[in-house]
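The sequence lines fix the lettering, A, B, ..., with proteins before strands; numbering per chain opens at 1.
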Amino acid sequence: MAKVLMKGNEAMALAAIEGGCDAFFGYPITPQNEIPEYLSRHMEERGRVFVQAESEVAAINMVYGAAGAGARVLTSSSSPGIALKQEGISYIAGSELPCVIINVMRGGPGLGGIQPSQADYRQITKGGGNGDYHLLAFAPENLQETVNIIKESFALADYYRNPVMIAVDGLLGQMMEPVDLEAAPKTEVPPEKAWAADGNSDRKGGRNVITSIHLDPLELEKHNRKLQKKYDEMVAKEQRYEMIETADADIVFVAYGSMARIARSAVKTLREEGIKVGMIRPITIWPFPEKAFDELPASVKSLLTLEMSLGQMHEDVRAANNGRFELDFYGRTGGVVPEPEEIIDHVKRMLEKEGSS
Amino acid sequence: MNEEKVIIAGFGGQGVMLMGQILSHAATVADLNTTWIPSYGPETRGGTANCAVTIGEERINSPVVSVPDSLIIMNQPSLDKFQKKLKKGGILIANKSQISDAVYRDDIEVYEVDANKQALEIGNLRVANMVMLGAYIAVTGVFSKDDMFAVFEKIFTGRKSELIDLNKKALEAGIRAVGK
């Protein structure tokens, strides 16, 4: 199939359909409304389920129910809406159910604004809901990568029996770019879900119960250790990242999503001026790609974290760096999208400081 | 081709977003890389609507355009806001009909088009945007008239197919307006 020019939100919705999404439950919020708008038309055409719920809380609990019945389920929202869904996400993770959640991030805290942001990093990677759980969380940088990951995400959610989050910012949701849906990996047929509470009374082994309650502490601890094994497997197998011109770099940026794209322009311009910069681009933000930092040569002088927040991922960069290189941070927040020149200016200030010390 | 970055700006309702989308559609048809982004961040303030389009053979990095190669300016507030961002030697296509205080930088190439007047002569003020787009492709040579016509055929479907001829005429008027 040839490439088609699509708006980010619509491309994500189509990718979910192609990825085998059986059901969508959501509640409107800017800047992701084109996702439910697109699905409201196209899910019904294909005999699938689309429900606009009465609230985010209702939507995530519908996701819980449908996932428990064995369906491939999607919900989408934006930052404050995702905050409302945290209780349900914790229950879904605790009950070991697969689902895909798209978060088109906007500025916060609270209602914040409607412009692009990456300030949900902590909410996504450090829990959000209660308990010892994690989301497998992707933060793609362009629309082709986003549709590829969404198509793949339903199979990953099924494999781990865990929610997968696709975290993009409003810029990716609202922009247009050519995408090729056929280029994305072919979606696997869902595995047989012998655990599903689907009313199948013929199944051997008695009835299936979906729950996250375990009142006996020893039993709950055992359950947590079982969950932890999955998270350990994700850490071992799912760290994804891209190393960009890091082999001879003096300064290495760390940036994901739209920010990484903007930083790529800064890398190009600075390299043309003879300043050796490179970049680690996390593609998964949980698990955080610590392996990338091990690949950095000893000749690196410093790392510069770049975010559309005031330094949320920077905490993970600090941990992964483990005191090896100097650290610096530059970020804009509240819906301000930085221009490549701001990054270039910051790097030049870093070099001046270094020269004078 | 070299990477082309253009910002298109005007009042809401002047069809600014569509102009940019048509350029990105043409790029997609030509199997080029392209990004289209609507007004973002603080740029959304101040009563102008704008979009930024990047077109190129190489991978496109930042979709955010800070220093455009070209500007298509539909009204006075947009001229005031964006002229200073244009690169040295860049191309500015200005809709003379909506600009009262025409003060231009002397280090850029300026083309004034009376787009509203041209559109009214064709019979519909709403195609002033296509007049401007015609002037833009003629000056920059980014796409040919036929490339644009092919996009019209592709995106104006169903009842909107009635609009194809009108848009074609407007595009041609724009091309003529800059003497091409």
Side-chain angles (χ1 to χ4, degrees), chain A residues 2-9 30-31 34 106-107 113-117 141-145 169-180 244 255 257-271 279 281 306 308 332-345, chain B residues 2-3 5-8 16-45 49-69 82 84-87 143 147 150-152 154-155 157:
Chain A
K3 286 187 176 178
V4 188
L5 183 71
M6 290 188 86
K7 194 169 200 179
N9 284 333
T30 304
E34 293 86 354
R106 59 187 244 182
I114 61 168
Q115 296 294 337
S117 163
E141 68 163 345
N142 61 46
L143 295 190
Q144 188 64 54
E145 187 175 56
D169 60 76
L171 191 63
L172 270 164
Q174 293 298 317
M175 72 182 285
M176 293 177 91
E177 196 167 30
V179 288
D180 182 353
I244 300 152
S258 289
M259 192 66 183
R261 258 187 112 144
I262 295 163
R264 274 180 194 275
S265 290
V267 170
K268 189 161 178 264
T269 307
L270 287 164
R271 283 260 167 193
M279 175 156 66
R281 179 173 75 88
L306 301 166
M308 275 149 50
R332 299 298 301 266
T333 196
V336 180
V337 180
E339 296 183 341
E341 282 68 21
E342 295 177 42
I343 301 169
I344 293 166
D345 289 346
Chain B
N2 290 328
E3 193 171 83
K5 292 175 284 198
V6 55
I7 290 177
I8 306 170
V16 161
M17 299 298 175
L18 180 64
M19 291 164 79
Q21 287 170 5
I22 285 173
L23 290 175
S24 278
H25 273 293
T28 305
V29 170
D31 206 23
L32 294 165
N33 291 314
T34 185
T35 56
W36 173 93
I37 59 168
S39 335
Y40 59 90
E43 294 293 342
T44 51
R45 296 169 58 145
N50 70 79
C51 64
V53 173
T54 306
I55 297 165
E57 283 169 5
E58 307 285 315
R59 160 196 202 116
I60 295 169
N61 295 326
S62 173
V64 174
V65 172
S66 36
V67 186
D69 301 299
F82 290 106
K84 56 182 175 286
K85 290 189 149 212
L86 186 62
K87 79 166 184 194
F143 294 113
D147 292 335
V151 174
F152 293 166
K154 193 179 150 99
I155 64 168
T157 54

Heavy-atom side-chain contact between B:S24 and A:M176 under 4.5 Å: no

Pairwise side-chain contact, A:V267 with B:N61, heavy-atom cut-off 4.5 Å (strictly under): no

Pairwise side-chain contact, A:M6 with B:T28, heavy-atom cut-off 4.5 Å (strictly under): no

Worked verdict on A:E141 versus B:R59 for salt bridge (Lys or Arg N to Asp or Glu O under 4.0 Å): CA-CA 12 Å; A:E141 68 163 345; B:R59 160 196 202 116; 2.7 Å; yes

Gap between atom CD of A:E177 and atom CD1 of B:I37 - 0.5 Å precision: 11.0 Å

Short side-chain to backbone donor-acceptor contact, A:R261 and B:S62, under 3.5 Å: no

Residues, nucleotides or ligands: over 12 heavy atoms within 6.0 Å of A:E341 CD: yes

Minimal non-hydrogen separation, A:L5 against B:H25, with atom names: CD2-N, 3.5 Å

Pair B:K5 + A:E339: basic N to acidic O under 4.0 Å: no

B:V67 versus chain A, the contacting section by heavy-atom distance below 4.5 Å: side chain

Spacing of CE belonging to A:M175 relative to CH2 belonging to B:W36, to within rounding of 0.5 Å: 10.0 Å

Proximal component of B:L32, with respect to chain A [non-hydrogen, under 4.5 Å]: backbone

Atom of B:T34, atom of A:P178 and distance for their closest heavy-atom approach: O-CD, 3.2 Å

